[in-house]
Amino acid sequence: MDDETPNHRQHQAETAADGEKFESWSQLAWAHLEYVRNSSSPPLIQCITNFVSMDLVANVLLSAGASPAMIHSVEEIPDFTPKVHALYINVGTLTPAWLPAMKKAAAVANESKRPWVLDPVAAGASSFRLKACLELLTLRPTVVRGNGSEILMLFNGTANANFKGADSMHESTDAIEAAKSLARTYRCIVAVSGAVDIVTDGERVVGAKNGVPMLQKITATGCAVTALIAAFVAVTPSQPFEATAAALSVFGIAGELGMCSAGGPGSLRVHLIDALHGLDRTAVLQRVHIANVS
Ligand SMILES: Nc1ncnc2c1ncn2[C@@H]1O[C@H](COP(=O)(O)OP(=O)(O)O)[C@@H](O)[C@H]1O
Ligand SMILES: Cc1ncsc1CCOP(=O)(O)O
Ligand SMILES: [Mg+2]
């Protein structure tokens with residue numbers, strides 16, 4: 001990567017706040033949203049994501065102030081990936097044809113010192129998918145975010161006949177030790193979503209208790225929150241633990257506010273996007289609920 005590209009110099013300036021210390025999680029979460037919104041150019045997030053999620057992922061990133069680009073052909077990666085602020089890889093509709101592009105993009109992101117985030121959708125659905133997820137893990141993602149079943153599957157390392165699919169059969173808290181172990185093994189941040197979103201770097205563990213159960217009734221909300229993590233990590237790449245917890249909390253708050261106007265999953269999908277776009281400082285400072293988990 002040419003580190004002297006205008007794009008890179010601008011990004012360095014935008015991330016000058018990286019390393020800033022905050023008195024509370026709520027202030028930190030608000031600061032992350034502000035960094036994304038107020039960057040002189042919106043953080044550019046390359047998304048190699050599943051067909052189901054593309055629309056919601058792109059709209060959630062836009063409503064947070066980031067710039068999504070669903071660019072996944074292997075031919076485009078050498079030109080495009082070095083220009084992005086973060087890469088998002090999601091295996092939801094994985095095929096053998098897509099896997100080389102995912103691996104290439106992860107390698108180029110690493111060479112270019114760009115953070116990248118993995119969503120191991122339905123990790124245990126097949127041995128092909130699990131093997132792919134484990135291979136991607138060896139390419140050192142900055143953050144992995146899955147539901148309880150997905151994180152347990154990565155930890156156990158063998159596809160399970162009882163595994164159902166994209167939806168979790170476990171609570172996030174069932175996967176805390178698995179998440180810590182994965183974080184230590186792969187030297188990354190691991191997040192487990194659920195009623196309480198768990199975030200660990202292998203030593204520290206926090207729980208973000210925002211969101212509403214109805215989020216589980218909208219397809220691709222997990223994919224979308226992983227994309228938001230990528231946007232938050234893009235603006236503070238040296239603080240991926242903090243950025244991940246902040247993104248999960250902010251997304252949950254958008255869900256809480258969206259639910260106030262929603263009649264069900266269909267309208268929550270719309271109100272979630274509106275709420276994220278309109279989220280103000282007061283709501284974030286009042287609602288962020290992140291605490292240590294012992
Ligand atoms: N019971 C719940 N209460 C509140 N928020 C939830 C609950 N379950 C999931 N969420 C939220 O829904 C979003 C998607 O999480 P989840 O459903 O676990 O992911 P996935 O769709 O990948 O299985 C996350 O923001 C998570 O915090
Ligand atoms: C239903 C489905 N099938 C393959 S990918 C996908 C979307 C999963 O989205 P999420 O993990 O966010 O619920
Ligand atoms: Mg998921």
Side-chain angles (χ1 to χ4, degrees), residues 1-15 18 35-36 39-55 57-62 64-121 123 128-145 186-189 223-224 226-238 240 243-244:
M1 190 206 82
D2 176 2
D3 267 3
E4 291 309 309
T5 58
N7 185 65
H8 184 73
R9 280 200 301 274
Q10 185 178 37
H11 185 52
Q12 290 295 316
E14 286 164 6
T15 57
D18 202 3
Y35 297 155
V36 174
S39 292
S40 52
S41 70
L44 177 59
I45 313 299
Q46 180 181 4
C47 304
I48 305 182
T49 190
N50 67 75
F51 298 115
V52 184
S53 72
M54 284 181 184
D55 179 276
V57 164
N59 279 302
V60 161
L61 285 172
L62 281 170
S67 177
M70 276 52 186
I71 289 178
H72 57 253
S73 76
V74 73
E75 289 80 3
E76 293 177 282
I77 286 164
D79 289 342
F80 187 69
T81 305
K83 297 179 197 157
V84 306
H85 296 119
L87 166 70
Y88 171 35
I89 296 180
N90 177 307
V91 300
T93 48
L94 188 64
T95 72
W98 278 50
L99 188 53
M102 292 176 177
K103 290 181 178 173
K104 178 79 180 167
V108 173
N110 288 340
E111 282 161 22
S112 309
K113 302 203 176 348
R114 301 301 192 248
W116 75 274
V117 178
L118 175 65
D119 190 323
V121 177
F128 165 69
R129 185 177 291 247
L130 184 58
K131 183 167 173 280
C133 288
L134 294 173
E135 287 168 0
L136 287 166
L137 270 180
T138 66
L139 296 174
R140 297 283 316 277
T142 313
V143 183
V144 180
R145 192 294 314 169
Y186 295 101
R187 285 182 285 150
C188 62
I189 305 304
C223 306
T226 313
L228 191 64
I229 290 169
F232 277 30
V233 172
V235 292
T236 58
S238 74
T244 301

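Positions are given from 1, in the same order as the sequence printed here. This structure is a prediction, so every number in the text was calculated from the model and none was measured.
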Test log, rule side-chain contact (heavy atoms from CB on, under 4.5 Å), inputs Leu137 and Leu118 = CA-CA 8 Å; Leu137 270 180; Leu118 175 65; 4.3 Å; yes

Residues Val52, Cys223; criterion side-chain contact (heavy atoms from CB on, under 4.5 Å); working and verdict | CA-CA 9 Å; Val52 184; Cys223 306; over 6 Å; no

Given Asn90 and Tyr88, is the side-chain contact (heavy atoms from CB on, under 4.5 Å) satisfied, shown in steps?
-> CA-CA 7 Å; Asn90 177 307; Tyr88 171 35; 2.9 Å; yes

Mind running side-chain contact (heavy atoms from CB on, under 4.5 Å) on Leu136 and Ile89 for me, showing each step along the way?
-> CA-CA 9 Å; Leu136 287 166; Ile89 296 180; 4.3 Å; yes

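Take Thr93 and apply the side chain to side chain donor-acceptor pair (under 3.5 Å) test, not counting sequence neighbours, and it matches no residue. Here Ala105 pairs with Ile48, Ile77, Thr81, Leu87 under the side-chain contact (heavy atoms from CB on, under 4.5 Å) rule; sequence neighbours left out. With sequence neighbours excluded, the residues satisfying side chain to side chain donor-acceptor pair (under 3.5 Å) with Asn59 are Asp55. Scored by the side-chain contact (heavy atoms from CB on, under 4.5 Å) test, Thr138 finds Tyr186 as partners (sequence neighbours excluded). Shown here are the side chain to side chain donor-acceptor pair (under 3.5 Å) partners of Thr244, two or more places apart in sequence or in another chain: there are none.
If you run side-chain contact (heavy atoms from CB on, under 4.5 Å) between His72 and each of Gln46, Met54, Met102, only Met54 comes through.
Closest approach of Pro240 to Val143, counting heavy atoms only: CB-CG2, 4.2 Å. Pairing each heavy atom of His85 with each of Ser41, the nearest pair is CE1-OG, 4.2 Å. Residues Ala234 and Pro115 come closest through the heavy atom pair CA-CG, 4.3 Å. Between Val121 and Gly92, the closest heavy-atom pair is CB-CA, 3.6 Å. Looking at every heavy atom in both residues, Ala231 comes nearest to Ala66 through CB-CB, 4.0 Å.
Under the 3.5 Å distance criterion, the side-chain polar atoms of Thr95 are matched with a main-chain donor or acceptor of Ala97. Of the possible donor and acceptor atoms, none in the side chain of Arg114 sits under 3.5 Å from a partner among the backbone N and O of Lys83. In this structure a side-chain-to-backbone donor-acceptor pair under 3.5 Å is missing from Arg140 to Cys188. Side-chain atoms of Thr142 come within 3.5 Å of backbone atoms of Trp116 as a donor-acceptor pair (strictly under, hydrogens ignored). Asn110 places a side-chain N or O within 3.5 Å of a backbone atom of Leu139 that can act as its donor or acceptor partner.
We find the CG-CD1 distance between Asp79 and Ile71 to be 10.0 Å, quoted to the nearest 0.5 Å.
Using a 4.5 Å cut-off on side-chain heavy atoms (C-beta onward), Ile45 and Pro68 make no contact. Residues Cys47 and Leu61 meet the side-chain proximity criterion, which asks for heavy atoms closer than 4.5 Å. Using a 4.5 Å cut-off on side-chain heavy atoms (C-beta onward), Met70 and Val57 make contact.
If you look at Trp98 and Phe51, their ring centroids are closer than 6.0 Å.
For residues 92-106, every residue pair satisfying the salt bridge (Lys or Arg N to Asp or Glu O under 4.0 Å) rule, not counting sequence neighbours, is listed here: Lys103-Glu135.
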